[in-house]
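Report on the structure given below.
Whatever order the structure lists them in is the order used to number ligands and atoms, beginning at 1. What you see is a predicted model; the values in this text were computed from it and never measured. In what follows, residues are counted from 1 in the order of the sequence shown.
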Amino acid sequence: MNKIKILHMYADMLDLYGDSGNMEIISYRCRMRGIECIIDKYSIDSPQPNFSDYDLIYIGGGADLEQQHISEDLSKCRDGIEAAYRRGTFLFLICGGYQLMGKYYRDADGTDIPGLGLFEYYTIAEPNRRKRCIGNIVIRAQLAGKSVDVVGFENHGGQTHNVKTPLGEVLYGHGNCTRSSHEGYFEKNVIATYMHGPCLAKNPEISDYIIGYCINRSNENAELQQLDDKLEKDCRQIMIDRLLKK
Ligand code: GLN
C-alpha cells in the first residue's frame, strides 16, 4: 500500500482562511485512492522530529504577530528542514510560511523577522497597512507539463522580491508584489504561494501534483488514480469566468 507521511507545522498558529483545510484535502484524496496518509503535528516546544522522515512538510499562513511568535522556534528547526528538503521532502508553504523560508520578512513596523534562508527571495511589507494585496487571484501555473489555471484568495502586506522561479503568471489579482506579473515560488519539491482558500480545495491539480510527487519517492511506478473532480472544476470555472471575462 502506498503511504505518505506529512508534518504539519504550527497548525495552531498559522491557519489563516482555513489553511489547515489543505491537509484535509490531501488526506481525503489519499483516502479515496487507498493511500495511507499520516499527519503529524509540530508546534512551539514540541520535541524535534526527524524532518527527513517526512514526505511533505506543510506550513500555513498567519498575521505578522504569529510569524514573530514562531520565528525563534522555527530557526531551531532550520538544519532539520534544510536537510529534509535537500533529500527530497516536499515543502508546501502558504503566505506567512512562504515568507519565512526566504531570507527575511520585514514587517509593517520595519522589524525584520529572520527567515530560514532556504531560498533567495525576501519579503518587505508595505508600510502603509491600508495598501495590502487583498482579494481573489487567478494564476496560470505549469504543473507536470500541463498548464493549469489556479484560483485562490490573497491577503498580504508582504512584497516578495527576487523570486527566480515563480509558481505562475498572474491573470487576475496581485501575486508576489502589488500588481505583480508573477505569483509564488516553485521547484520540483517546493510549492510556495500566497493563495489561501484553502488552495487545495479549489485546485485539485495542485493536490495531485504533491501527492504524486510524494508517492513516487518510494514507488516510482505508482500511478495516481483519477478522481471525479467535476464539482471542484465547475466551481473554479465560475470564479475564473467571473474574474476574467468582464
Ligand atoms: N503577515 C504576512 C503579510 O501580511 C502574511 C499574511 C498571511 O499569511 N496571509 O504579508
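Here Y105 has side-chain heavy atoms under 4.0 Å from ligand 1, and that is the only part of it that gets that close. With a 4.0 Å cut-off on non-hydrogen atoms, D64 touches ligand 1 through its backbone as well as its side chain.
With T165 contributing its side chain and F186 its backbone, the two residues share a donor-acceptor pair below 3.5 Å. The main-chain N or O of D79 is never found under 3.5 Å from a side-chain atom of E82 such that the two would form a donor-acceptor pair.
Close approach of ligand 1 to N155 (heavy-atom distance below 4.0 Å) involves ligand atoms 6 (C), 7 (C), 9 (N). Numbered from 1 in the order shown, with element, the atoms of ligand 1 that lie under 4.0 Å from a heavy atom of L16 read 7 (C), 8 (O), 9 (N). For ligand 1 and G61, the ligand atoms under 4.0 Å from any heavy atom of the residue are 8 (O). Close approach of ligand 1 to G62 is summarised as follows: ligand atoms under 4.0 Å from at least one heavy atom of the residue are 1 (N), 2 (C), 5 (C), 6 (C), 7 (C), 8 (O). Close approach of ligand 1 to Q67 (heavy-atom distance below 4.0 Å) involves ligand atoms 1 (N), 2 (C), 5 (C).
In summary, the side chains of N176 and Y121 do not present any donor paired with an acceptor at a separation below 3.5 Å, with no hydrogens or angles considered. Q237 and D241 share a side-chain donor-acceptor pair at under 3.5 Å. When only modelled atom types and interatomic distance are considered, Q159 and T178 share a side-chain donor-acceptor pair under 3.5 Å. Judged purely by distance below 3.5 Å, without hydrogens or angles, the side chains of Q67 and D107 never pair a donor atom with an acceptor atom. There is a side-chain donor-acceptor pair under 3.5 Å between Y42 and D73. At a cut-off of 3.5 Å, with distance as the only test, a side-chain donor of T160 or Y194 sits close to an acceptor on the other residue.
Considering backbone and side-chain N/O atoms, H196 comes within less than 3.5 Å of an N/O atom of ligand 1. Residue H156 places no N or O, backbone or side chain, under 3.5 Å from any N or O of ligand 1. Between I94 and ligand 1, no N or O atom pair is found at a separation short of 3.5 Å. Close N/O approach between Y17 and ligand 1 is not found [any backbone or side-chain N/O within under 3.5 Å]. At least one N/O-N/O distance between G96 and ligand 1 falls below 3.5 Å. Considering backbone and side-chain atoms alike, A63 places every N or O at 3.5 Å or more from each N or O of ligand 1.
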### Task
Please lay out, stage by stage, how H8 and Y58 fare under the test ring pair (Phe, Tyr, Trp, His ring centres under 6.0 Å).
CA-CA 5 Å; H8 184 177; Y58 173 61; 4.9 Å; yes
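Of the candidates G157, C95, C133, it is C95 that places a heavy atom closest to atom 8 (O) of ligand 1. For atom 10 (O) of ligand 1, the nearest non-hydrogen atom from the set G97, G158, G60 belongs to G158.
Nearest protein neighbour of atom 4 (O) of ligand 1, counting heavy atoms only, is R132 NH2, 2.9 Å.
Salt-bridge formation is not detected for the pair E232/R236: no Lys NZ or Arg NE/NH1/NH2 atom is positioned less than 4.0 Å from an Asp or Glu carboxylate oxygen. Electrostatic pairing of D109 and R129 counts as a salt bridge here, judged by a charged N lying under 4.0 Å from a carboxylate O.
Heavy atoms of A125 come nearer than 4.0 angstrom to ligand 1 in no pair at all.
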